[in-house]
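We use all heavy atoms of the structure for the numbers below, so side chains are in, but hydrogens, waters and symmetry mates are not. Source: prediction; values computed, not measured.
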Amino acid sequence: MRGVSKHLLLLRPTTLHRCSYRDNSSLVSSHHVPTETESLLNLCHQRDLPRAMHVLDAMERRRIWADAITYSELIKCCLAHGAVREGKRVHRHIFSNGYHPKTFLINTLINMYVKFNLLEEAQLLFDKMPERNVVSWTTMISAYSNAKLNDRAMRLLVFMFRDGVMPNMFTFSSVLRACERLSDLKQLHSWIMKVGLESDVFVRSALIDVYSKLGELLEALSVFREMVTGDSVVWNSIIAAFAQHSDGDEALHLYKSMSRAGFRADQSTLTSILRACTSLSLLELGRQVHVLVLKFDQDLILNNALLDMYCKCGSLEDAKFIFNRMTKKDVISWSTMIAGLAQNGFSMEALNLFESMKVKGPKPNHITFIGILFACSHAGLVNEGWVYFRSMKNLYGVDPEREHYGCMLDLLGRAGKLDDMMCIRDSTMGACLIFLDELGSLMTWLSSDSYTHLDVYKRQHYGCMLDLLGRAGKLDDMVKLIHEMNCEPDVVTWRTLLDACRARQNVDLATYAAKKILKLDPHDTGAYVLLSNIYATSKRWNEVAEVRRAMKIRGIRKEPGCSWIEVNKQIHAFILGDKSHPQIDEINRQLNQFIYRLTSVGYVPDTNFVLQDLEGEQREDSLRYHSEKLAIVFGIMSFPKEKTIRIWKNLKICGDCHKFAKLIGKLEQRHIVIRDPIRYHHFRDGVCSCGDYW
């Protein structure tokens, strides 16, 4: 209470004095002092910094000093103008002539340096303080936590305890976000409970956020459920935790509980719910959330979340509508729209939008180029892909990383340029080691969500270029690009090469790439499956049997192909050979009728996609009942012609089903959208948005 009392004294009416620092023992009142100091205070309130500094200079010449409240307002005025030089001038004035300001005023100066991002100056002033209170410590801890200097923040907390100062809720909520290790978090959690702050809104919210960041969702949920939640901040934290970890079901369940408890959704809530809808591809629910978003008109974060949801749910018309009506767009807005167009097969639109971004948008970043290279990769634009890839560093200062190289390797692989792929791998291995060494001190932090925002983008730069080259069949260029990578190729890189080899039927290189994958991850299901498929397509059934035998020994099972569709708010799933659907007999009957009709317009089952040693009609029958065909037919049976049929798949669509979807869409005059793990396919009038290039 003593510290609070000292602060409250500053709010009492004071008599202003003219102080002679030649004789600090005497305080002589003057009628001039109130006039000048009141003038200074009024100018600060008006945020008229130039005139305020002029008055300060005049006061200093006359040896007139103001009170702490006036100086704190002057410091706020400097902050409002971003005036670092003037702020330092005020600092010098306050400490001139041997004057020793109170803790309150020094805290204000420290806060000024923190907000100017001058942490060294703030630390120097902090170190010289004769007395530090909880505000002093919390300001510095929060500064280091926000700057991601987490070790410094944690050390300061220890020194704070040694200094006998008890942290408050703001201290704990700041230092919690500096936790990088679960052991540290558990210890902090224990301290919080000992001092009785576990019920504070900000502390609980921070605990939930940090447990979530460390992947401990059950611990986050436990913190949430320890007591009745009476604040929307805590609700938003737990909903965001599950939404950010792609557990959309639990996020939506918590949102329903929040609504039942009488809390209204705000921008933070809706952003998380839109993310949940995106992860679950719940377009109709996303549209319902859109209605709630309308009352927060032109909120940039919400609009970006809406844009992402519509793009990833395959509704480009809605996405374009949101994008075009946004009065403010940042780099996330542009990058999301570019990537959305690319993933939905509209590569040229994506590239045209990038050209517009260069003219009237913000500077492109790592994410932007992932979308651009993805667009080139999925349209076979090899030359354009190289131009954009080389321009990343030369024009925009963006270093290509694994994902960018991955796209190029994929493009080269599909173009058959294998030697070029391998040349990329060895030439920059040293650069990769230097890069990793520089990141060494940050690796713990990077294991959290922030790692996703940095490392994932870097790896995607390589991936996009590999994908681009692979789809164009340039396997030689892919090999060359792998040798140029500035870090060790990972499983994703080698799988991109393996997939390109499958498309070009290069069995020897495929075997080499598969061995690389299995060396890194002996239980990688995808490598076994792709290699088995390559052998099957080449009719090398003995090798197929060997691969499947190896899978059996290691207990690895191939994930069965599954397609699902939402009808009347119910999800209907289909798996090859599964007859559990109540309408399966009618679906099969309709499917056989459609195939009979399609054969008259040129449909012939592509038995190259049969991956078993079968003969004649058996080969065609194994294709007939693929899960996506069953889902398409069920959609035709369930929806009127004007409604888009939207289907999701867990595996990449096969060529025969792709051909079937094009022809059935034209025959039935339907718009069919199929989302596989890689991209969207929009089928309309016998044409797919991918241009048969996927």
Query raised in the report: Given side chains that start at C-beta, do those of Thr269 and Leu292 come closer than 4.5 Å, heavy atoms only?
Result: no

Query raised in the report: So, do Tyr255 and Trp235 have ring centers that fall under 6.0 Å from each other?
Result: no

Query raised in the report: Is the closest side-chain heavy-atom distance between Leu300 and Ser333 below 4.5 Å?
Result: yes

Query - Step-by-step side chain to side chain contact (heavy atoms under 4.5 Å, CB included) determination, Ile332 to Ile367 - result: CA-CA 8 Å; Ile332 296 175; Ile367 313 172; 5.5 Å; no

Query raised in the report: Do Met160 and Pro167 have side chains that get closer than 4.5 Å, going by heavy atoms?
Result: yes

Requested in this report: Report the distance from atom SG of Cys688 to atom NE2 of His658, rounding to the nearest 0.5 Å.
Outcome: 3.5 Å

Report task. Output all residues satisfying ring-ring contact (aromatic ring centres under 6.0 Å, His included) with His290, sequence neighbours left out; order by chain, then residue number. Result -> Tyr310

Report task. Mark yes or no for whether Ser246, through its side chain, and Ser279, through its backbone, hold a donor-acceptor pair below 3.5 Å. Result -> no

Query - Considering all heavy atoms, the nearest Arg670-Pro640 contact - result: NH1-O, 3.0 Å

Report task. Search all heavy atoms of Cys277 against all heavy atoms of Met309 and return the closest pair with its distance. Result -> CB-CG, 4.3 Å

Report task. Using atom types as modelled and distance alone, determine if a side-chain donor or acceptor of Ser347 lies under 3.5 Å from a backbone N or O of Ala375. Result -> yes

Query raised in the report: Checking side chain to side chain contact (heavy atoms under 4.5 Å, CB included) for the pair Val114/Asn146: CA distance, chi angles, key distance, verdict?
Result: CA-CA 10 Å; Val114 167; Asn146 291 335; over 6 Å; no

Query raised in the report: Strictly under 6.0 Å, is that where the ring centroids of His253 and Phe242 end up?
Result: no

Query - Any Phe172 side-chain heavy atom under 4.5 Å of Val195 side chain - result: yes

Report task. Answer yes when Arg204 and Glu226 have at least one side-chain N-carboxylate O distance shorter than 4.0 Å, and no when they do not. Result -> no

Query - Close side-chain approach of Glu349 and Leu316, heavy atoms under 4.5 Å - result: no

**Report entry** Sub-4.5 Å side-chain heavy-atom contact between Trp137 and Thr171
**Finding:** no

Query raised in the report: Which residue pairs pass the side-chain hydrogen bond (donor to acceptor under 3.5 Å, both in side chains) test with at least one member in residues 631-646, sequence neighbours excluded?
Result: Thr644-His671

Report task. Start with the C-alpha gap between Asn168 and Asp200, add the side-chain angles, then the distance that decides, and say whether side-chain hydrogen bond (donor to acceptor under 3.5 Å, both in side chains) holds. Result -> CA-CA 10 Å; Asn168 61 16; Asp200 179 79; over 6 Å; no

Query raised in the report: Any donor and acceptor pair, going by atom type alone, linking the side chain of Ser145 with main-chain N or O of Ser174 inside 3.5 Å?
Result: yes

Report task. Please check if the distance between the ring centroids of Phe354 and Phe369 is under 6.0 Å. Result -> yes

Query raised in the report: Would you say the side-chain atoms of Asp266 and Ser268 include a donor-acceptor pair closer than 3.5 Å?
Result: no

Query raised in the report: Given the rule in the side-chain hydrogen bond (donor to acceptor under 3.5 Å, both in side chains) test, do Asp209 and Ser212 qualify, once you have shown the distances and angles that lead to the verdict?
Result: CA-CA 5 Å; Asp209 289 343; Ser212 169; over 6 Å; no

**Report entry** Main-chain N/O of Lys186 paired to Ser190 side chain as donor or acceptor, under 3.5 Å
**Finding:** no

Query raised in the report: Taking only residues two or more places apart in sequence, or in another chain, which ones meet Phe161 in a ring-ring contact (aromatic ring centres under 6.0 Å, His included)?
Result: Trp191

Query - Full working for side chain to side chain contact (heavy atoms under 4.5 Å, CB included) between Gln298 and Lys328 - result: CA-CA 8 Å; Gln298 298 307 321; Lys328 182 180 180 182; 5.9 Å; no

Query raised in the report: Applying the side-chain hydrogen bond (donor to acceptor under 3.5 Å, both in side chains) test to Ser136, which of Thr138, Asn133, Thr139 qualifies?
Result: Asn133

Query raised in the report: Run the side chain to side chain contact (heavy atoms under 4.5 Å, CB included) check on Ser356 and Trp334 step by step: do they pass?
Result: CA-CA 10 Å; Ser356 298; Trp334 287 90; 4.2 Å; yes

Query raised in the report: With Asn150, which of Arg177, Arg181, Arg155, Glu180 fulfils side-chain hydrogen bond (donor to acceptor under 3.5 Å, both in side chains)?
Result: Glu180

